[in-house]
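Counting starts at 1 for both ligands and their atoms, following the listed order. Nothing here was measured: the structure is a model prediction, and the numbers come from that model.
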Amino acid sequence: MKRIVVLGSTGSIGTNALEIVKSSEDRFEIVGLSGHKNYKLLIEQIKEFQPKYVSIGSEEGYKLIRREFPNLELYFGDRGLKELALKENYDILLTAISGAVGIEATVEGIKKGKRIALANKETMVAAGPYINRLLKENPKAEIIPVDSEHSAIFQSLLGGRKNEVKKLIITASGGTFRGRKKEELQDVSIEEALKHPNWSMGKKITIDSSTLVNKGLEVIEAHELFGISYDDIEVVVHPQSIIHSMVEFKDKSIIAQLGVPDMKLPIQYAFTYPERKENSILEGLDFTKVTNLTFEKPDHETFKGIKLAFKAGRIGKTMPVVLNAANEVAVELFLKGRIKFLTIYEIIEKAMERHIPLENDGIDIIKRVDLETREWVYSNYEV
Ligand code: NDP
Ligand code: MG
């Protein structure tokens with residue numbers, strides 16, 4: 001039985017992960033859960049999964065949970081996430097929080113030598129070089145990606161040797177606004193931007209998908225996770241989201257991973273790897289119903305997310321921290337109705353322009369640059 005801590009159990013990835021645990025009989029045990037504001041759902045999850053440790057980000061929720069479960073080990077806020085990761089008696093830490101707030105807990109999980117089932121892509125974007133150093137220093141620790149593209153690449157890489165890889169081909173759905181031009185994006189509403197054609201996800205990543213910043217973050221995530229040069233990473237738009245990504249080897253053979261667009265599969269794989277297990281809640285792909293698999297180039301002029309990320313990634317050092325932090329605040333401001341959709345790109349571009357990159361070699365510098373960037377965006381755009 002593998003013991004699992006889920007950070008962000010009340011979110012989209014978190015609830016899918018709990019579905020996997022529930023449908024896997026005695027294969028997994030939940031020992032830790034964390035939620036932020038949604039304490040009602042967290043309380044239901046505590047009743048159902050009976051974890052030993054819980055962390056919550058809402059004061060009201062903290063008081064209620066304290067009262068209802070007096071014997072539970074309960075923690076609060078960012079510190080609470082770290083406390084959960086610092087526990088001894090678990091095997092897998094699923095990082096399903098959205099945003100850079102998940103970095104420190106991931107760091108602690110690695111130092112403990114645990115398996116990190118990594119959904120939180122912001123961690124590898126902002127802290128990739130530091131995380132990779134920690135992985136070398138803690139050889140028992142490992143990261144198994146949950147992001148569907150990276151899970152696909154991870155699985156495809158098993159088909160050859162590292163030095164035989166020619167390039168990674170990351171697929172993108174193209175997002176909600178695929179096919180539109182700049183003029184048609186000036187006044188798009190929050191509701192429109194939140195309608196993803198294929199995937200049901202949290203709000204932040206859904207907006208990131210419609211700007212293609214999500215794909216940009218995934219390019220940096222792939223570079224950091226697999227150690228592949230930016231010159232050997234390509235993005236192709238594949239609107240049906242059936243091929244989740246591919247690896248081309250030196251002999252031009254391409255290995256891809258396919259499946260219905262459902263995050264439960266990569267979540268379960270990150271839990272069971274190197275094994276594969278049957279699970280009746282996982283839906284199979286019926287090829288007689290897949291009538292069309294199409295591919296096209298991304299429209300980089302309209303959707304600048306990928307280009308900006310390649311630029312930040314190639315500059316390296318703390319530039320990806322800035323890209324990520326500026327984007328997080330820009331998305332938050334867009335969701336609050338404070339800025340227009342296209343201003344998200346402007347914010348990222350300007351934040352990157354003003355930043356002088358520093359060595360990205362520890363949590364303190366990452367936190368400092370992250371905070372400085374957020375403050376700059378708030379003070380210039382939160383009107
Ligand atoms: P959601 O917004 O659905 O969930 C986020 C989770 O994090 C919730 O449990 C939320 O708590 C918690 N949370 C939010 N802010 C904080 C905070 N400041 N401190 C502590 N906890 C916090 O996001 P998703 O599940 O969609 O995404 C999670 C991560 O996985 C992201 O990094 C995303 O990029 C990545 N990912 C998601 C995919 C998907 O299909 N959803 C696919 C690939 C990657 P609460 O709700 O209680 O406030
Ligand atoms: Mg993805």
Side-chain angles (χ1 to χ4, degrees), residues 6-19 33-46 54-58 60-62 65 75-85 94-106 116-127 145-154 170-175 194 196 198-209 212-222 225 235 238 241 243-245 257 261-267 270 305 324 327-329 331-332 335 370 374:
V6 182
L7 301 183
S9 62
T10 50
S12 167
I13 293 284
T15 48
N16 271 308
L18 294 182
E19 289 291 315
L33 293 175
S34 96
H36 192 51
K37 301 280 177 232
N38 191 353
Y39 57 82
K40 286 195 181 132
L41 179 56
L42 188 59
I43 288 173
E44 281 174 35
Q45 293 177 344
I46 297 170
V54 168
S55 181
I56 172 90
S58 123
E60 195 185 350
Y62 183 92
I65 295 174
Y75 299 95
F76 181 76
D78 294 359
R79 176 78 218 157
L81 301 173
K82 232 167 131 172
E83 289 291 344
L84 260 51
L94 171 65
T95 63
I97 292 171
S98 79
V101 68
I103 295 175
E104 281 187 88
T106 309
I116 312 293
L118 183 94
N120 180 275
K121 66 191 78 188
E122 294 87 348
T123 296
M124 285 319 276
V125 172
V146 169
D147 208 345
S148 57
E149 294 76 3
H150 305 75
S151 177
I153 292 169
F154 184 90
I170 301 180
T171 53
S173 70
L194 281 174
H196 195 281
N198 304 337
W199 298 92
S200 154
M201 312 180 283
K203 283 187 181 172
K204 195 253 171 186
I205 183 174
T206 306
I207 301 298
D208 286 350
S209 299
L212 290 199
V213 169
N214 179 53
K215 212 43 60 179
L217 298 177
E218 290 182 355
V219 166
I220 302 178
E221 186 187 8
L225 281 174
V235 176
H238 164 48
S241 300
I243 298 180
H244 297 309
S245 280
Q257 187 259 340
D262 180 354
M263 289 308 295
K264 288 193 215 54
L265 171 53
I267 292 168
N324 181 63
N327 177 59
E328 274 190 36
V329 182
V331 171
E332 182 196 321
L335 287 171
D370 178 273
R374 283 167 200 267

Next item on the list: Specify the protein heavy atom at minimum distance from atom 35 (C) of ligand 1: its residue, its atom name, and the distance to 0.1 Å.
Entry: Ala119 O, 3.2 Å
Margin query: With nothing but distance in play, are any N or O atoms of Gly8 less than 3.5 Å from an N or O of ligand 1?
Written below: yes
Item checked: Full working for salt bridge (charged side-chain N to carboxylate O under 4.0 Å, His left out) between Arg374 and Asp370 -> CA-CA 6 Å; Arg374 283 167 200 267; Asp370 178 273; 2.6 Å; yes
Notebook entry, point to check: Quick one: nearest non-hydrogen protein atom to atom 25 (O) of ligand 1, plus distance?
Noted result: Ile13 N, 2.9 Å
Item checked: Asp147, N/O/S atom nearest the Mg ion (ligand 2) -> OD1
Checklist line | Nitrogen or oxygen atoms of Ile205 and ligand 1 under 3.5 Å apart | finding: no
Check: To which of Gly202, Pro145, Ser148 does the heavy atom nearest atom 26 (O) of ligand 1 belong?
Finding: Gly202
Margin query: Below the 3.5 angstrom mark, is there an N/O of His36, backbone or side chain, next to an N/O of ligand 1?
Written below: yes
Check: Among protein heavy atoms, which sits nearest to atom 34 (O) of ligand 1, and what does the distance come to when rounded to 0.1 Å?
Finding: Lys121 CE, 3.2 Å
Next item on the list: Would you mind checking which non-hydrogen protein atom is closest to atom 43 (C) of ligand 1, with the distance to 0.1 Å?
Entry: Asp147 OD1, 3.1 Å
Note to self: Which atom name would you report as the N, O or S atom of Glu218 nearest the Mg ion (ligand 2)?
What the structure shows: OE2
Check: Under 3.5 Å between some N or O of ligand 1 and some N or O of Gly11?
Finding: yes
Next item on the list: Provide the closest heavy-atom pair for Leu42 versus Ser34 in the form atom of the first, atom of the second, distance.
Entry: CD1-C, 4.2 Å
Notebook entry, point to check: Out of curiosity, is Gly57 lining ligand 1, as in a heavy atom under 4.0 Å away?
Noted result: no
Note to self: Does the plane of the ring in His244 sit parallel, tilted or perpendicular to the ring in Trp199? Use 30° and 60° as the thresholds.
What the structure shows: tilted
Margin query: Check this for me - ligand 1, Glu122, N or O atoms closer than 3.5 angstrom, yes or no?
Written below: yes
Check: Is there a heavy atom in Met263 that sits closer than 4.0 Å to ligand 1?
Finding: yes
Checklist line | atom 29 (C) of ligand 1 [closest protein heavy-atom partner, distance rounded to 0.1 Å] | finding: Ile97 O, 3.3 Å
Next item on the list: Kindly give the heavy-atom pair with the smallest separation between Leu118 and Met124, and that separation in Å.
Entry: CD2-CG, 3.6 Å
Next item on the list: Please check if the side chain of Asp147 supplies one atom and the backbone of His150 the other of a donor-acceptor pair under 3.5 Å.
Entry: no
Margin query: Regarding Ser241 and Asn198, do their side chains bring together a donor and an acceptor under 3.5 Å, going by distance alone?
Written below: yes
Margin query: Please find the pair of heavy atoms, one from Val146 and one from Ala270, that lie closest to each other, and give the distance.
Written below: CG2-CB, 3.8 Å
Checklist line | Inter-residue atom distance Lys40.NZ - Glu60.CD, 0.5 Å rounding | finding: 8.0 Å
Notebook entry, point to check: Based purely on interatomic distance, does Trp199 place a nitrogen or oxygen under 3.5 Å from a nitrogen or oxygen of ligand 1?
Noted result: no
Next item on the list: Kindly give the heavy-atom pair with the smallest separation between Asp262 and Asn16, and that separation in Å.
Entry: OD1-OD1, 4.4 Å
Check: Is Lys37 close to ligand 1, meaning an N/O of one under 3.5 Å from an N/O of the other?
Finding: yes
Check: Which heavy atom of Gly14 sits nearest a heavy atom of Val6, and at what distance?
Finding: CA-CG1, 4.1 Å
Check: What residue and atom, counting heavy atoms only, is the protein's closest point to atom 28 (C) of ligand 1, and at what distance?
Finding: Ala96 O, 3.3 Å
Note to self: Suppose we measure from atom 9 (O) of ligand 1 to each protein heavy atom; which comes out shortest, and what is that distance?
What the structure shows: Thr10 OG1, 2.7 Å
Item checked: Minimum heavy-atom distance Thr171-Ile243, with the two atoms named -> OG1-O, 2.8 Å
Next item on the list: Measure the spacing between CG of Asn327 and CG of Leu217 and express it to the nearest 0.5 Å.
Entry: 6.0 Å
Next item on the list: Kindly give the atom name of the N, O or S atom of Glu149 closest to the Mg ion (ligand 2).
Entry: OE1
Notebook entry, point to check: Just distances here: any N/O of Ser12 and N/O of ligand 1 closer than 3.5 Å?
Noted result: yes
Check: Between Asn324 and Ile220, is a side-chain contact (heavy atoms from CB on, under 4.5 Å) present by the stated rule, with each step listed?
Finding: CA-CA 11 Å; Asn324 181 63; Ile220 302 178; over 6 Å; no
